[in-house]
Every structure is written in structure tokens, then in C-alpha cells.
S.K.: 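The structure is given below, and queries will be raised subsequently.
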Number of protein chains: 2
Amino acid sequence: MAKFTAAELEVIEILWREGELSATQIEEHLARPITNSSIRSILTILLDKGHLSRRKVGKAFLYKAKTRPESAFTTAYRRLVDAFFRGSTEAFLAHLIERENLSEAELLNLKRLGERNPEGKGKNKS
Amino acid sequence: MAKFTAAELEVIEILWREGELSATQIEEHLARPITNSSIRSILTILLDKGHLSRRKVGKAFLYKAKTRPESAFTTAYRRLVDAFFRGSTEAFLAHLIERENLSEAELLNLKRLGERNPEGKGKNKS
DNA sequence: TTCCAACTGCGGTATTTTCCGCAGATGAGA
DNA sequence: TCTCATCTGCGGAAAATACCGCAGTTGGAA
């Protein structure tokens, strides 16, 4: 069960997006400013937990996510549905549809979209 | 921005459901066993953060959620969509639809369900 | 009125999270 | 080869989290 703290998520999320980065590169991608030192601490934690792999290139390490976003997503998703919809996916979806004010056409379109592209997740670099 | 830790969420979620409870009553509603003392610590934290109000009835305090579940939901939801779908609600929905393997009929049904009952959340007290 | 279970405030501890600085290693260019 | 900016490992510290026990107060039944 892949569970991340806020800081961990900030970091690994970038790796999901970008693929393979050094601590310094991650620093550049971060929305919020964090010292390089701190980033490396977080990277070490993620490494220890087995969520990352890394390899040395030149004098720097490049880090890469080993844990896939799906796994973390499922955990976070379950938590959300459990907490706010008593575990009912239906209630959750109904709520979202209403919240986003989706028409029938838009809905069916989303469905087709999902079918066409069965990997709509954090990455898409072919 | 209403953000809760795991333990805090466990507690306030019960209050969203049940309305107004004492520490002891919360203890009874908890899935996981936590000492009454610990529950009170969490309640105090939530109180300090302004998420709860309380009033004395008899010798016990009754706690009530001040922060509404919608607010917390929105925060958690945004976090989820941002982290895993780059902020795209569409991508998120498409993914869910596929994940749950919903037919067109089921989808339209969900939409009707949402319209009929425009407060699909944890509570509904007018 | 006395007594007791129930409840509170307070203080405390272990763990996790978040963050940082420093000393030393290292690769690339002068 | 020497220099230096860059990167690392290590250690540590402050804050938040998650828990709990104890001494003392109190409402209400006997």
C-alpha cells in the first residue's frame, strides 16, 4: 500500500511527470522552494521505502520512481471515497458529475476517451 | 484550506456523520480502538485548528464539526487530481469511468441520481 | 450529604515529518 | 595538476503527530 506524506508526494509527483531527475533538477521543478538538502532528505526516505531507484551519472544521482502512480492513486482514492462517501464509488461519481455539471454528451465522451486511451494516468511519454 | 491528518480525519468524519458527540461516544463509533485519552488529544488539536466547536452538557463536552465536509473534500480532491492527473478533472473522470467499467446506461443513471439528490455528501441537514 | 463513575486538564513520550548545514569527495576545465 | 563549483553522506534539530496515564473535578444517584 503506497502512502505518501505531503512532502514525499510533492517530490515523487515530479518524478512521475518528468521521468528521471537529479536532486537539483527536482529543485527546479518544485512549486514551493525547498533547500536542495531537504529535497535530498526526502529522496533518501523515498529510496529507503523502496519507492525510488537511482543511478549515478557523472557525479550526480538520477532518481526515478519505482512505485507507479496507480498504486499510490488507488490508496489515496480509497481514502477519499471512504472518508467522504462512506466507501460508495457511485455516490462519489454522482457527486463529481453534478459538481462538474456534465451533460450527457460530455459524459459519453469521457467514456469514449477512457476506452480509447487506456492509460490516462500520470505519464504519457510513448 | 481544510487539510486533515489520518487520525484527525477518522475523528471528524464521525462527527460529520453523527452530528454532535462526546469523546466517549466518538470512542464507540471508531472503527479502530483508540484510548479515550488519545481521542481527546485529537479533539483538542482539531479544536485548536478551528475545525470543531464544543459545548458543555452535563459534565461532558459535546463536540461538533465546524468545518464542513465539502471544504475538506474539495481540498483532498484537488490534491488528488493535481497529483495524479495534472489537475485535469476530465482525465480523472475518464479514468474512473474506465476503472469502474461503467456502461453508458450506468453513467446516465449516475447523472440522474446526482440531479435528483443535489447534496450527495456526508450529511444533509438544511 | 456522601460517594463514585465519568469526564477533564495537564503533562509527557515515542515516532514521524520536514528541513537544514557541514565536511568531504569528485568531475571538468584552466 | 590544481582549482572550484557541484554533489554527496551524515548528523542533527525543530515541529507535528499519535498516543497515553494520572490527578483532580463534578453531576447525580443513593
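Nothing here was measured: the structure is a model prediction, and the numbers come from that model. Below, chain A is the first sequence line, B the second, and so on; all start at residue 1.
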S.K.: Taking CD1 from A:Ile34 and C1' from C:dT17, how many angstroms apart are they, rounded to a whole number?
M.R.: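 Roughly 12 Å, once rounded to whole Å.
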
S.K.: Could you state the atom-to-atom distance from CD of B:Glu10 to P of D:dC19 in whole Å?
M.R.: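 It is 7 Å, rounded to the nearest whole Å.
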
S.K.: Can we call the ring centroids of A:Phe73 and B:Phe85 under 6.0 Å apart?
M.R.: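 A:Phe73 vs B:Phe85: aromatic centres under 6.0 Å.
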
S.K.: Go through D:dT8, C:dA5, C:dC20 for me and flag the one nearest to the A:Ser38 side chain.
M.R.: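 Nearest listed nucleotide: C:dC20.
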
S.K.: Would you kindly give the CZ-to-P distance between A:Arg32 and C:dT18, to the nearest whole Å?
M.R.: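 Result: 8 Å.
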
S.K.: Would you kindly give the CZ-to-P distance between B:Arg40 and D:dC20, to the nearest whole Å?
M.R.: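 In whole Å, D:dC20 P and B:Arg40 CZ are 12 Å from each other.
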
S.K.: Using a heavy-atom cut-off of under 4.0 Å over every strand shown, decide if B:Thr24 touches base, sugar-phosphate, or nothing.
M.R.: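 Sugar-phosphate contact only.
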
S.K.: Looking for any heavy atom pair under 4.0 Å, which part of the strands does A:Thr44 touch: base, sugar-phosphate only, or nothing?
M.R.: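 A:Thr44: no heavy atom of the nucleic acid under 4.0 Å.
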
S.K.: Quick one: B:Arg55 CZ to C:dC7 P, roughly how many Å, whole number?
M.R.: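 In whole Å, C:dC7 P lies 15 Å from B:Arg55 CZ.
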
S.K.: So that I can tick it off, tell me whether B:Lys3 and B:Glu8 are bridged by a salt bridge, with the cut-off set at under 4.0 angstrom between side-chain N and carboxylate O.
M.R.: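 Looking at B:Glu8 and B:Lys3, the cut-off is not met.
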
S.K.: Have a look at A:Lys56 and say if it touches a base, only the backbone sugar-phosphate, or nothing, with a 4.0 Å heavy-atom cut-off.
M.R.: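 Counting heavy atoms under 4.0 Å across all strands, no contact is made by A:Lys56.
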
S.K.: If you compare all heavy atoms of A:Ala2 against all heavy atoms of A:Thr67, which two are closest, and at what distance to 0.1 Å?
M.R.: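 In terms of heavy atoms, the two residues are closest at CB-CG2, 3.9 Å.
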
S.K.: Report yes if a side-chain nitrogen or oxygen of B:Lys49 is closer than 4.0 Å to either non-bridging phosphate oxygen (OP1 or OP2) of D:dT17; otherwise report no.
M.R.: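 For D:dT17, OP1 or OP2 has a side-chain N or O of B:Lys49 closer than 4.0 Å.
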
S.K.: From the options C:dG21, D:dA18, C:dG9, select the nucleotide whose nearest atom is closest to the side chain of B:Thr5.
M.R.: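 The answer is D:dA18, which lies nearest to the side chain.
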
S.K.: How close or far is atom C1' of D:dA18 from atom CG of B:Leu9, stated in whole angstroms?
M.R.: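 My rounded result for the distance is 15 Å.
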
S.K.: Per the side chain to side chain contact (heavy atoms under 4.5 Å, CB included) rule, which among B:Glu104, B:Glu106, B:Glu98 passes with A:Lys111?
M.R.: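 Of the listed options, the one satisfying the test is B:Glu104.
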
S.K.: Starting at CG of B:Leu43 and ending at P of D:dC20, how long is that distance when rounded to a whole Å?
M.R.: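 My rounded result for the distance is 14 Å.
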
S.K.: Roughly, in whole Å, what's the span from CD1 in B:Ile12 to P in D:dT17?
M.R.: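 Rounded to whole Å, this separation is 14 Å.
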
S.K.: Categorize B:Ile45 for me: base, sugar-phosphate, or nothing, with a 4.0 angstrom heavy-atom threshold over every strand shown.
M.R.: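 No contact at all - B:Ile45 keeps every heavy atom at 4.0 Å or more from the nucleic acid.
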
S.K.: Does D:dG9 have OP1 or OP2 under 4.0 Å away from a side-chain N or O of A:Arg54?
M.R.: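 So the side-chain polar atoms of A:Arg54 do come within 4.0 Å of the phosphate oxygens OP1 or OP2 of D:dG9, strictly under.
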
S.K.: Taking donor-acceptor contacts at under 3.5 Å, does the side chain of A:Ser41 reach the base of C:dC20?
M.R.: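 Counting by modelled atom types and ignoring angles, a donor-acceptor contact under 3.5 Å is found here.
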
S.K.: Base, sugar-phosphate alone, or nothing: which one does A:Ser37 contact when heavy atoms must sit under 4.0 Å apart?
M.R.: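 If one applies the 4.0 Å heavy-atom cut-off, A:Ser37 turns out to touch a base.
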
S.K.: Knowing that exactly one of B:Leu21, B:Leu15, B:Val11 qualifies, which makes a side chain to side chain contact (heavy atoms under 4.5 Å, CB included) with B:His29?
M.R.: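 Of B:Leu21, B:Leu15, B:Val11, side chain to side chain contact (heavy atoms under 4.5 Å, CB included) with B:His29 is met by B:Leu21 alone.
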
